[in-house]
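Read the structure below first, then the notes.
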Amino acid sequence: MSDKEIRVRFAPSPTGYLHIGGLRTALYNYLFAKNKKGKFILRIEDTDRNRYVEGAVDNLLSTLNWAGLQADEGPKSSGDYGPYLQSERLDIYNEHIKKLIVDGKAYYCFCTQERLTELREKQKKEVIQTKYDKHCLHLTEDEIIQKLNDKTPNVIRLNIEPNKEIFFNDIIRGEVTFSSDTIDDQVLIKSDGFPTYHFANVVDDHLMKITHVIRGEEWISSTPKHVLLYDYFNWERPQFAHLPLLLNPDKSKLSKRQGDVAVEDYMQKGYLKDALINFIALLGWNAGDDKEYYTMDELINAFSLERVNKAGAIFNLDKLDWLNAEHLRSTPNDKILIMLKDEISKSNYSNFDCTDEYLLLIIEAMKERVSFVKEYIEKCPYFFEPPIEYDEKVVKKRWKDDSQELLKIFSSRIEQLVNPRKEDYERILKKLCEEKEIGLGRLIHPLRLALSGVGIGPGIFDLIFILGKEESLKRIDKALDQIK
RNA sequence: GGCGCGUUCGUCUAGUGGCUUAGGACGCCGCCCUCUCAAGGCGGAGAUCACGGGUUCAAAUCCCGUACGCGCUACCA
């Protein structure tokens, strides 16, 4: 493998949404390509007309873009090897299948669906492997021409020679061997004239000069068919790397039934793309050290197929939440501001009117306390509206006999302040506690309760400063009135 | 059923024959810090490395077998 340009592809079928497992496959392809200064190509495998979903391609593209996995070549990008939609490449497949037929490597099959089902049932009853019996391979040329002229529905099948050892090398798993006897004469061209995945994928990968086929483990079993096709065409085989599967908690292949599998679901839940990418990158790969937090650039630098695991990984969200918090914490405040404003517009506080400076103060104060942007609202609603009620437990624990008096004095003293800073509140509070010979908590806790209605939150001086003098005075008054 | 792939703490994983009384991370528990909650620091519980044979002075690591799990077994991808 000389200095040839590395070219890999992500080849999803447009089923309506991007599966999280698909995102990981795309990511590994992307990381590998970028690490090798190669190209990442997106090809849409839309050869199954029954599964056509309106708008699926656009959706796929936008989700991939959100995740930061822009294709160097693809349906909406430029590229010299298009079209990148298989449904637009029918002529190409047709031209290539002819060569195979001429060489006897593929053949027409006119068997009806009924005969095929019957055959399969018979084989099942005899408990032998279910596969096509090459019935139509023995048709004479005249018979074939006759049937073709009669427009008898037909498919084209791969002609697999019996009794051959087929092996290929997998970067992740090493050498894998199959006996050709266990491989079916796969349909290459369906009766509607569309190719199957097996045929289209090989033709396209060759024509698009794909050097490495990186895909899910579920393709291992059909790889011998693909490998045979390369050999039949006399084409150089790409390198294969079959990724371990993403699993449900019960270890079955990650599926819709057991939780969210669409990338959009995670977008909607408020996960940061950097966190999601970081998380799925670590599901099946690691650099061999203890590093857990990665940016995309760091992933590109560190990634290698050799260090991808063989065993499937259960998709478990605990770590994702932690990574999201980590990534959110290292996001600059001005970026969080933009996300927070968006979140506010979607919340009950959509009419809340305030300056960016106000939100920035909240962001800074809450930064260590949130894992998601929306928690800047959920965990501290008191920044957006006065407390409606006071946490019963906190009242019981923190509201003492002297709380009323202390708050009254404190309130009257801060009232005198002009444009108070955080330090001014602190000075006054400390002085008052000194005078009364009490610990700071004696005043701090009731004050927090009065201001926020709850017993948890940012530092008290941040809290009072952010709310501001007027608002704080109002809230203290109200609390004095309502908490008994 | 056939074929293929896999199997280290609950989960993600390190480990490529001696450095391993199997390391880290998430989660969980405790302590410290402290105005609360977090964050942070420190510590703890948690894996007879699926099982059984072999090879070797020495095996989680190499070989064989078994079990279990998963994938494929379509004119789906």
Side-chain angles (χ1 to χ4, degrees), chain A residues 11-15 22 45-48 50-51 86 109 111 113 116-117 120 123-124 126-131 153-157 170 172-173 176-179 181-184 186-198 200-201 215-224 242 244-245 247 249-253 279 282-293 309-323 325 329 366-371 379-380 394 397-398 429 433 439-445 447-449 452 454-461 463:
Chain A
S13 64
T15 51
E45 311 250 336
D46 55 349
T47 55
D48 185 356
N50 300 323
R51 287 224 266 173
Q86 290 188 326
C109 171
C111 291
Q113 208 56 250
L116 260 19
T117 330
R120 200 169 303 136
Q123 288 166 334
K124 269 188 182 162
E126 292 169 18
V127 203
I128 55 173
Q129 196 197 341
T130 53
K131 62 177 205 177
N154 65 83
V155 300
I156 299 172
R157 287 181 182 275
D170 188 287
I172 295 168
R173 293 152 208 282
V176 184
T177 317
F178 289 83
S179 158
D181 295 333
T182 65
I183 303 166
D184 203 358
Q186 185 61 232
V187 170
L188 263 19
I189 303 286
K190 300 180 252 186
S191 56
D192 62 5
F194 277 66
T196 58
Y197 170 87
H198 305 284
N201 134 298
R215 78 231 296 194
E217 186 185 339
E218 67 267 34
W219 294 108
I220 291 183
S221 303
S222 38
T223 303
H242 287 98
L245 259 19
L247 273 23
D250 70 356
K251 295 200 183 232
S252 58
K253 189 166 147 185
F279 177 64
L282 257 20
L283 244 35
W285 171 87
N286 77 89
D289 53 25
D290 288 342
K291 192 170 161 66
E292 304 269 355
Y293 179 95
N309 288 136
K310 301 178 209 299
I314 293 174
F315 190 72
N316 182 313
L317 267 17
D318 278 348
K319 209 169 193 167
L320 211 206
D321 288 354
W322 170 72
L323 275 172
R329 264 175 227 127
M366 292 299 291
K367 207 157 189 181
E368 303 289 278
R369 296 171 172 81
V370 300
S371 299
K379 285 201 167 174
C380 48
V394 182
K397 187 172 177 192
R398 306 293 195 185
L429 185 140
C433 290
L440 297 180
R442 191 80 173 183
L443 175 49
I444 285 175
H445 295 300
L447 178 56
R448 175 191 306 288
L449 183 65
S452 72
V454 293
I456 59 173
I460 191 69
F461 305 116
L463 177 60

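Chain naming here is simple, since letters A, B, ... match the order of the sequence lines and numbering starts at 1 in each. Quick note: numbers below take in every heavy atom, side chains included, and nothing from hydrogens, waters or symmetry partners. This one's a predicted model, so the numbers in the text were calculated from it and none came from an experiment.
- Using a 4.0 Å heavy-atom criterion, one finds that A:N309 contacts the sugar-phosphate atoms exclusively.
- In this structure, A:T47 reaches the sugar-phosphate backbone alone: every heavy-atom distance under 4.0 Å involves primed, P, OP1 or OP2 atoms, never a base.
- Under the ring pair (Phe, Tyr, Trp, His ring centres under 6.0 Å) criterion, A:F194 pairs with no residue at all, not counting sequence neighbours.
- In this structure, A:T182 reaches the sugar-phosphate backbone alone: every heavy-atom distance under 4.0 Å involves primed, P, OP1 or OP2 atoms, never a base.
- Residue contacts for A:L245: at a heavy-atom cut-off of 4.0 Å it reaches the sugar-phosphate backbone alone, with no base atom in range.
- As the counterpart of B:rU34, no nucleotide is assigned, since no Watson-Crick or G-U wobble pattern has both distances under 3.5 Å.
- Nucleic acid contact for A:K124: none, since no nucleic acid atom lies under 4.0 Å from a heavy atom of the residue.
- The same atom, P, is picked in B:rA22 and in B:rG69; the two are 30 Å apart, to the nearest Å.
- Mapping A:W322 and A:P12 onto RNA chain B via the closest heavy atom, the residue that lands nearer the 5' end is A:W322.
- Each of A:E217, A:R215, A:K310 was evaluated against A:H242; a single residue qualifies, A:R215, per the side-chain hydrogen bond (donor to acceptor under 3.5 Å, both in side chains) test.
- Across all strands shown, B:rU11 is found opposite B:rA25 as a Watson-Crick or G-U wobble partner, with both distances under 3.5 Å.
- If you check every strand for non-hydrogen atoms under 4.0 Å, A:G459 touches a base.
- Taking the P atoms as reference points, B:rU8 lies 13 Å from B:rU61, given to the whole Å.
- Nucleotide B:rC75: unpaired (no Watson-Crick or G-U wobble partner with both distances less than 3.5 Å).
- Here B:rA39 sits opposite no nucleotide as a Watson-Crick or G-U wobble pair (both hydrogen-bonding atom distances under 3.5 Å).
- Counting any heavy atom pair closer than 4.0 Å across all strands shown, A:T177 reaches sugar-phosphate atoms only and no base atom.
- Within 4.0 Å of A:R442, counting heavy atoms only, lies no atom of the nucleic acid at all.
- Heavy atoms of A:P244 sit nowhere under 4.0 angstrom from any nucleic acid atom.
- Among the atoms of the strands shown, base atoms are found under 4.0 Å from some heavy atom of A:E292.
- Taking atom P on both nucleotides, B:rC31 is separated from B:rA38 by 13 Å, rounded to a whole Å.
- With sequence neighbours excluded, the residues forming a salt bridge (charged side-chain N to carboxylate O under 4.0 Å, His left out) with A:K319 are A:E292, listed by chain and number.
- Comparing the P positions of B:rA39 and B:rG30 gives a spacing of 14 Å, expressed to the nearest Å.
- Applying the ring pair (Phe, Tyr, Trp, His ring centres under 6.0 Å) test to A:H198 and every residue at least two apart in sequence or in another chain returns A:H226.
- Nucleotides B:rC28 and B:rU34 place their C1' atoms 23 Å apart, quoted to the nearest Å.
- Listed by chain and number, the residues in a ring pair (Phe, Tyr, Trp, His ring centres under 6.0 Å) with A:F461 amount to none (sequence neighbours excluded).
- Contacts of A:Y197 with the nucleic acid, taken as non-hydrogen atoms under 4.0 Å apart, include base atoms.
- Applying the side chain to side chain contact (heavy atoms under 4.5 Å, CB included) criterion to A:T15, with sequence neighbours excluded, gives A:S13, A:R51.
- In this structure, A:V176 reaches the sugar-phosphate backbone alone: every heavy-atom distance under 4.0 Å involves primed, P, OP1 or OP2 atoms, never a base.
- A:S13 comes within contact range of the sugar-phosphate backbone alone, with a heavy-atom separation under 4.0 Å but no base atom that close.
- Comparing A:E45 and A:F461, the nucleotide of RNA chain B nearest to each residue sits closer to the 5' end for A:F461.
- Distance check on atom P: B:rC26 versus B:rA67 gives 39 Å, rounded to whole Å.
- Base pairing analysis places B:rG69 opposite B:rC5; the two distances defining the Watson-Crick or G-U wobble pair are each below 3.5 Å.
- Just one of A:V187, A:I189, A:T196, A:D192 meets the side-chain contact (heavy atoms from CB on, under 4.5 Å) condition when paired with A:V155; it is A:V187.
- Heavy atoms of A:R173 sit under 4.0 angstrom from primed sugar atoms or phosphate atoms, though from no base atom.
- If you check B:rG52 for Watson-Crick or wobble pairing at under 3.5 angstrom, you find it paired to B:rC64.
- Formation of a donor-acceptor pair under 3.5 Å by the A:D184 side chain with backbone atoms of A:Q186 is not found in this model.
- Remark: the separation of the C1' atoms in B:rC49 and B:rG17 is 15 Å, to the nearest Å.
- Once you apply a 4.0 Å limit to the heavy atoms of chain A, the touched nucleotides of RNA chain B run 5' to 3' over B:rG1 to B:rA77.
- More than 12 non-hydrogen atoms from other residues, nucleotides or ligands lie less than 6.0 angstrom from NZ of A:K291.
- Here the separation of B:rU16 from B:rU7, taken at their P atoms, is 16 Å to the nearest Å.
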